[in-house]
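Below: one structure, written as C-alpha cells.
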Amino acid sequence: MTDIVYAGNAGKDAALDRGWLLGHFKEASDPRHSEDVEIKWGVHPKGDERAHWVTGEDRTALQVLISGRFRVDFPGRSVVLAEQGDYVVWGRGVDHSWYAEEESVVLTVRWPSVPGYAVADADADAEQDGSGARNTGN
C-alpha cells in the first residue's frame, strides 16, 4: 500500500522537476501523476522573470504567495502578491507573465494537466513541461 502514498518536501522535490510536484509529467505509477491538476512549488530569486508571455492558455490557474513579493502581469493589468496568502486566479485564454520583485516562493495550481507545454527557449534551465508556454514559442 505504500506505493499509493507519497510524502516529501516541496523545496527538495521541486528541485527534481523544475518546481513541479504533481501533474501529467510524473510517471504513471507515481501517486503524484495527475491528468487533472498540476502543482508547482516555485522558488524565484529577486529579478527572476518569465522568459516569454504565455499566450493561448488552455488551463485555469491559481497562484498563492508563500513568501516574498511577486507580480503577475496580464494585458492591461498587474497584480502584486505582497502578503503571505495573497493569491490570483485566472482562466483559460488569459495571457500572462510574471516577475519576482523580491525573492519569492509561489505555489501554483493549474488544471487540467495538459501535455505538450514547454518554453521555446533552448536554455538548459528552461522548463520543459508544465511551464504554461506553448511549444510554439509564445
* Is any side-chain heavy atom of Arg59 closer than 4.5 Å to a side-chain heavy atom of Pro112? ->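 Yes, at least one pair of side-chain atoms sits under 4.5 Å.
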
* Considering only heavy atoms from C-beta outward, does the side chain of Trp53 approach that of Asp73 to under 4.5 Å? ->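 Yes, side chains in contact.
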
Measuring from [X]:[atom1] to [Y]:[atom2], what's the distance to the nearest 0.5 Å?
X	Y	atom1	atom2	answer
Leu107	Tyr87	CG	OH	13.5 Å
Leu81	Arg69	CG	CZ	9.5 Å
Trp98	Thr108	CH2	OG1	9.0 Å
Ile39	Trp111	CD1	CH2	10.0 Å
Leu22	His33	CG	NE2	9.5 Å
Leu21	Tyr6	CG	OH	8.5 Å

How close do [X] and [Y] get, counting heavy atoms only, and between which atoms?
X	Y	value
Asp95	Gly56	OD1-N, 3.4 Å
Val94	Phe74	CG1-CD2, 3.5 Å
Glu38	Val114	OE2-N, 3.4 Å
Arg50	Ser97	CB-OG, 3.4 Å

[X], [Y]: one ILVMFWY side-chain cluster at the under-4.5 Å cut-off?
X	Y	value
Leu65	Trp90	yes
Val89	Val64	yes
Val109	Val72	no

Can you check whether [Y]'s main-chain N or O pairs, donor with acceptor, with [X]'s side chain at less than 3.5 Å?
X	Y	result
Ser113	His24	yes
Asp86	Glu83	yes
Arg92	Thr60	no
Gln84	Ile66	yes

* Asked: Taking it one step at a time, do His44 and Tyr99 satisfy side chain to side chain contact (heavy atoms under 4.5 Å, CB included)?
  -> CA-CA 9 Å; His44 304 278; Tyr99 178 80; over 6 Å; no

* Asked: Can you name the residues that form a side chain to side chain contact (heavy atoms under 4.5 Å, CB included) with Pro45, not counting sequence neighbours?
  ->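 Scan of Pro45 (side chain to side chain contact (heavy atoms under 4.5 Å, CB included), adjacent residues dropped) gives Asp48.
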
* Applying side chain to side chain contact (heavy atoms under 4.5 Å, CB included), run through Val79 and Gln63 and close with a yes or a no. => CA-CA 11 Å; Val79 174; Gln63 284 192 324; over 6 Å; no

* Asked: Does CD belonging to Glu102 count more than 12 external heavy atoms closer than 6.0 Å?
  ->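 Result for CD/Glu102: enclosed.
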
* To do: Return the set of residues passing side chain to side chain donor-acceptor pair (under 3.5 Å) with Ser67 (not counting sequence neighbours), or none when no residue passes.
  =>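 Ser67 satisfies side chain to side chain donor-acceptor pair (under 3.5 Å) with no other residue.
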
